[in-house]
Amino acid sequence: MSETLIERRARLMGPNVPTFHAEPVHLVRGEGVWLWDASGRRYLDAYNNVPHVGHCHPRVVEAIARQAATLNTHTRYLHTAILDYIERLTATLGHGLSQAIMVCTGSEANDVALRMAQAATGARGLIATDNTYHGNTSAVSQLSTRRPPIGGYPAHVRLVPAPESLTPLGGSPEAQATAFAANVARAIAELEDTGQGFAGFMLCPFFANEGFPTLPRGFLDPTVAVIRRAGGLILADEVQPGFGRLGDAFWGHERLGFAPDVVTLGKPMANGHPVGAVVTRPDIMADFRTAFGYFNTFGGNPVSAAAALATLDVLEEEGLVANARDVGAHLLARLRALRHPLLAEARGAGLFLGAEFVHPDGSPATGFAERLVEGLRLRGILTGRIGRYMNTLKIRPPLPFSRENADLLVETLDDLLARTEEPA
């Protein structure tokens, strides 16, 4: 009997390797917002943020090929592309964030950011929300909540309740910011009392993995005040909301209205080429460089820098941030016009949107959301799920997503909602 692709994957990669969808899609080609599987079927990609300016964008592909044909080498040699990129990148940021370390992944970037906080403060204690994800290294996986670390969370980590959209902390949207800050203050006090001290708080400014709850600008102000009084750093993980995805701001922290001490970036910054970065102030960078003898062989290598520069060029020249704003507003309005007994809220910003489904008794309709994602796949549209109970439909397409693409998505979803019964 011939071996299936799934069987071969398990034999060569081991068990429990994650895939999207109950019937994994075997993709072979991509272009813009479209993907094709091995049978030639086309899918509208309404999920993948990595190809930020579109799958296989010719401008990025050409930049990679040209630089790969010229030179790619160790980052401990001098080259100008990494400097050109850091200058372009930091010009989009304020708050004195003028220096950067280039790495290969968002996980690496977040790992470095945690060490920056510890170097700058002399403390070890770290805080994140209780429904987050920041990467795969040993250090950052201790903040992530999908699978707790073996042996439990370490003494220097505290997780605070994440903000929610339908069931806000403190019992109301108006009370949520104060309640969130109080929990952070409590976690800081615990870290101080146990001798760990407080180094920093890492968060996604859009609370993406938490289900991107609807939060007002200034929501984080009380928390920022608590952190500043305690002498800790604010570490903003912009891997998902950054580079204009939210439409009305280039960065998630801009939209929420706070000043981070460190910003981390990942794979969307070079349209899927493996690039990440950590951006910070010169004083924090000096503390880090003094405390750690850090270098990264491939971080910011000439090919990676060329890919990242080309991605910035495309973002600017094709007006993709404005497109995220305009198409996102259209898509959100259409999502909010949908009607279904389990549809509790449509929310989001720019081209990062979703819809949360709950049962009449208030319990999460996780199975129903899963059936929607699978149903959309069968109809040629790729989406995902997110949130504490994975009951929120997640829509996060490449930024060239058009109104026509949005209409196709919503009309297909509307038809699917009418045909999908609530699971028993």
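The list of salt bridge (Lys or Arg N to Asp or Glu O under 4.0 Å) pairs with a residue in residues 350-365, not counting sequence neighbours, reads Arg347-Glu356. Applying the side-chain hydrogen bond (donor to acceptor under 3.5 Å, both in side chains) definition to pairs two or more places apart or across chains, those involving residues 8-36 are Glu3-Arg11. Applying the salt bridge (Lys or Arg N to Asp or Glu O under 4.0 Å) rule to pairs touching residues 38-53 yields nothing, sequence neighbours excluded. Among residue pairs with one or both ends in residues 158-179, those qualifying as salt bridge (Lys or Arg N to Asp or Glu O under 4.0 Å) are Arg158-Glu190, Glu164-Arg388; sequence neighbours excluded.
A tilted orientation is assigned to the rings of Phe352 and Phe206, their planes being inclined by 30° to 60°.
The salt bridge (charged side-chain N to carboxylate O under 4.0 Å, His left out) test applied to Arg66 returns Glu62, not counting sequence neighbours. Legend: residues meeting side-chain contact (heavy atoms from CB on, under 4.5 Å) with Asp221, ordered by chain and number and at least two apart, are absent. Not counting sequence neighbours, Arg124 has no partner by the salt bridge (charged side-chain N to carboxylate O under 4.0 Å, His left out) test. With sequence neighbours excluded, the residues forming a side chain to side chain donor-acceptor pair (under 3.5 Å) with Tyr133 are Asn136, listed by chain and number. Scored by the salt bridge (charged side-chain N to carboxylate O under 4.0 Å, His left out) test, Asp326 finds no partners at all (sequence neighbours excluded). Scanning for side chain to side chain donor-acceptor pair (under 3.5 Å) contacts around Arg377 gives Glu374, with sequence neighbours left out. Applying the salt bridge (charged side-chain N to carboxylate O under 4.0 Å, His left out) criterion to Arg325, with sequence neighbours excluded, gives no partner residue. For Ser165, the side chain to side chain donor-acceptor pair (under 3.5 Å) test picks out Glu345, with sequence neighbours left out.
By the 4.0 Å N-to-carboxylate-O rule, Arg403 lies too far from Asp407 to be salt-bridged with it.
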